[in-house]
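In this chain, numbering begins with 1 at the start of the sequence shown. We use all heavy atoms of the structure for the numbers below, so side chains are in, but hydrogens, waters and symmetry mates are not.
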Amino acid sequence: MIILAAVDNKNGMMFNHRRQSKDQVLIEKIVSLVGSGQLWIDPFSENLFKDFEGSISLHIDDHFLESAAPGDYCFVENVSVAPYAQQVEQVILFKWNRDYPGDFYFDMDISSWTLTSSEDFAGSSHDDITMETYIK
């Protein structure tokens with residue numbers, strides 16, 4: 001599976017049971033990356049992708065990390081990825097390049113993975129978002 005996550009400078013994803021931030025351009029970038037592939041999300045993330053239902057193959061499932069097949073994309077906001085690390089083929093982090101309060105973090109260790117690409121783009125709510133792609 002391919003993990004997609006938006007993180008702050010400390011790998012934070014949530015604070016007080018809320019996402020730290022959201023950005024429509026980032027969501028459009030994810031939809032473009034997925035293309036004709038499969039995108040799995042938790043019900044918590046459904047409202048981010050509601051405008052794209054029908055235009056992408058979107059699967060909403062409480063157990064989406066268990067359901068995803070090799071090569072499928074999984075957008076992660078509010079669940080631990082570490083227990084599924086063996087099944088992860090690729091990680092794509094969208095970095096807000098900001099410090100936000102956080103109490104839930106991206107918990108998969110990718111320090112030994114290879115950074116294969118890095119791209120900066122302007123979002124709708126953030127002037128600078130960095131997309132980093134990692135492989136084992």
Side-chain angles (χ1 to χ4, degrees):
M1 80 179 88
I2 301 165
I3 296 295
L4 307 160
V7 299
D8 70 5
N9 288 335
K10 298 175 190 159
N11 283 344
M13 297 191 304
M14 295 190 70
F15 178 67
N16 198 23
H17 306 287
R18 297 185 319 238
R19 66 181 55 89
Q20 291 176 330
S21 188
K22 63 181 178 180
D23 188 286
Q24 188 60 32
V25 172
L26 183 144
I27 299 304
E28 291 168 4
K29 176 76 101 174
I30 290 171
V31 168
S32 176
L33 282 171
V34 171
S36 62
Q38 308 292 314
L39 177 61
W40 291 85
I41 62 172
D42 185 88
F44 176 81
S45 305
E46 183 175 5
N47 67 330
L48 295 176
F49 295 93
K50 67 180 179 217
D51 294 340
F52 300 98
E53 290 184 86
S55 63
I56 61 170
S57 184
L58 182 64
H59 305 277
I60 303 160
D61 187 334
D62 286 321
H63 306 285
F64 69 106
L65 292 173
E66 296 166 13
S67 301
D72 286 352
Y73 292 85
C74 295
F75 180 68
V76 176
E77 290 190 282
N78 62 334
V79 296
S80 172
V81 180
Y84 305 93
Q86 292 299 323
Q87 291 96 320
V88 177
E89 310 152 51
Q90 187 177 30
V91 172
I92 301 173
L93 294 180
F94 295 92
K95 296 187 171 185
W96 298 124
N97 298 310
R98 291 190 185 169
D99 294 319
Y100 286 120
D103 57 15
F104 188 80
Y105 297 87
F106 182 78
D107 63 352
M108 193 173 135
D109 180 12
I110 58 170
S111 60
S112 64
W113 289 44
T114 302
L115 174 65
T116 59
S117 68
S118 180
E119 171 191 337
D120 292 326
F121 63 95
S124 58
S125 62
H126 293 73
D127 292 335
D128 184 34
I129 299 172
T130 303
M131 180 178 81
E132 293 181 345
T133 303
Y134 296 86
I135 58 169
K136 286 184 184 180

_Value rounded to 0.5 Å, distance of CD1 in I2 from CD1 in I92_ = 6.0 Å
*D107 side-chain N/O to S80 backbone N/O, donor-acceptor pair under 3.5 Å*: no
*Measure across V25 and S124 and return the closest heavy-atom pair with its distance rounded to 0.1 Å.*
CG2-N, 3.6 Å
*Carefully, step by step, assess H59 and D72 under the rule side chain to side chain contact (heavy atoms under 4.5 Å, CB included).*
CA-CA 10 Å; H59 305 277; D72 286 352; 5.9 Å; no
_Tell me whether the NZ or CZ atom of K29 lies within the 45° cone about the ring axis of F121 and under 6.0 Å from its centre._
yes
*asked:* With rounding to the nearest 0.5 angstrom, report the CD1 to CG distance, I41 to N78.
replied: 10.0 Å
*Are any of the side-chain heavy atoms of F52 and L58 separated by less than 4.5 Å?*
no
*Do any N or O atoms from the side chain of T116 and from the backbone of T133 form a donor-acceptor pair under 3.5 angstrom?*
yes
*asked:* Has Q20 got a side-chain atom pairing as donor or acceptor with P101's backbone, closer than 3.5 angstrom?
replied: yes
*Kindly work out whether a path of hydrophobic side-chain contacts (I/L/V/M/F/W/Y, heavy atoms less than 4.5 Å apart) joins I135 to M131.*
no
*Quick one: salt bridge (Lys or Arg N to Asp or Glu O under 4.0 Å) partners of R98, sequence neighbours excluded?*
none
*How many angstroms lie between atom NZ of K50 and atom CD1 of I60, to the nearest 0.5 angstrom?*
12.0 Å
*Are the side chain of K10 and the backbone of Y105 linked by a donor-acceptor contact shorter than 3.5 Å?*
no
_Atom pair CG (L4) and SG (C74), whose distance is rounded to the nearest 0.5 Å_ = 8.0 Å
*asked:* For a quick check under 3.5 Å, do E77 and S45 share a side-chain donor-acceptor pair by atom type?
replied: yes
*Report yes if some heavy atom in the side chain of L48 is under 4.5 Å from a heavy atom in the side chain of F75; otherwise report no.*
yes
_Rounded distance [0.5 Å steps], NZ in K95 versus CD1 in I129_ = 13.5 Å
*Could you please spell out the steps behind the side chain to side chain contact (heavy atoms under 4.5 Å, CB included) verdict for W96 and D23?*
CA-CA 10 Å; W96 298 124; D23 188 286; 3.8 Å; yes
_Would you say CG of N47 has more than 12 non-hydrogen atoms from neighbouring residues, nucleotides or ligands within 6.0 angstrom?_
yes
*Hey, quick one: are F15 and L26 part of the same hydrophobic cluster, counting side-chain heavy atoms closer than 4.5 Å, chains of contacts allowed?*
no
*State, to 0.1 Å, how close S118 and E132 come at their nearest heavy-atom pair, and which atoms those are.*
OG-CG, 4.0 Å
_Cluster companions of W40 among Ile, Leu, Val, Met, Phe, Trp, Tyr (side-chain spacing under 4.5 Å)_ = M1, I3, V7, M13, M14, F44, F64, L65, V76, V79, V81, Y84, V88, V91, L93, F104, F106, M108, I110, W113, L115, Y134
*Between Y73 and I30, is any pair of side-chain heavy atoms under 4.5 Å apart?*
no
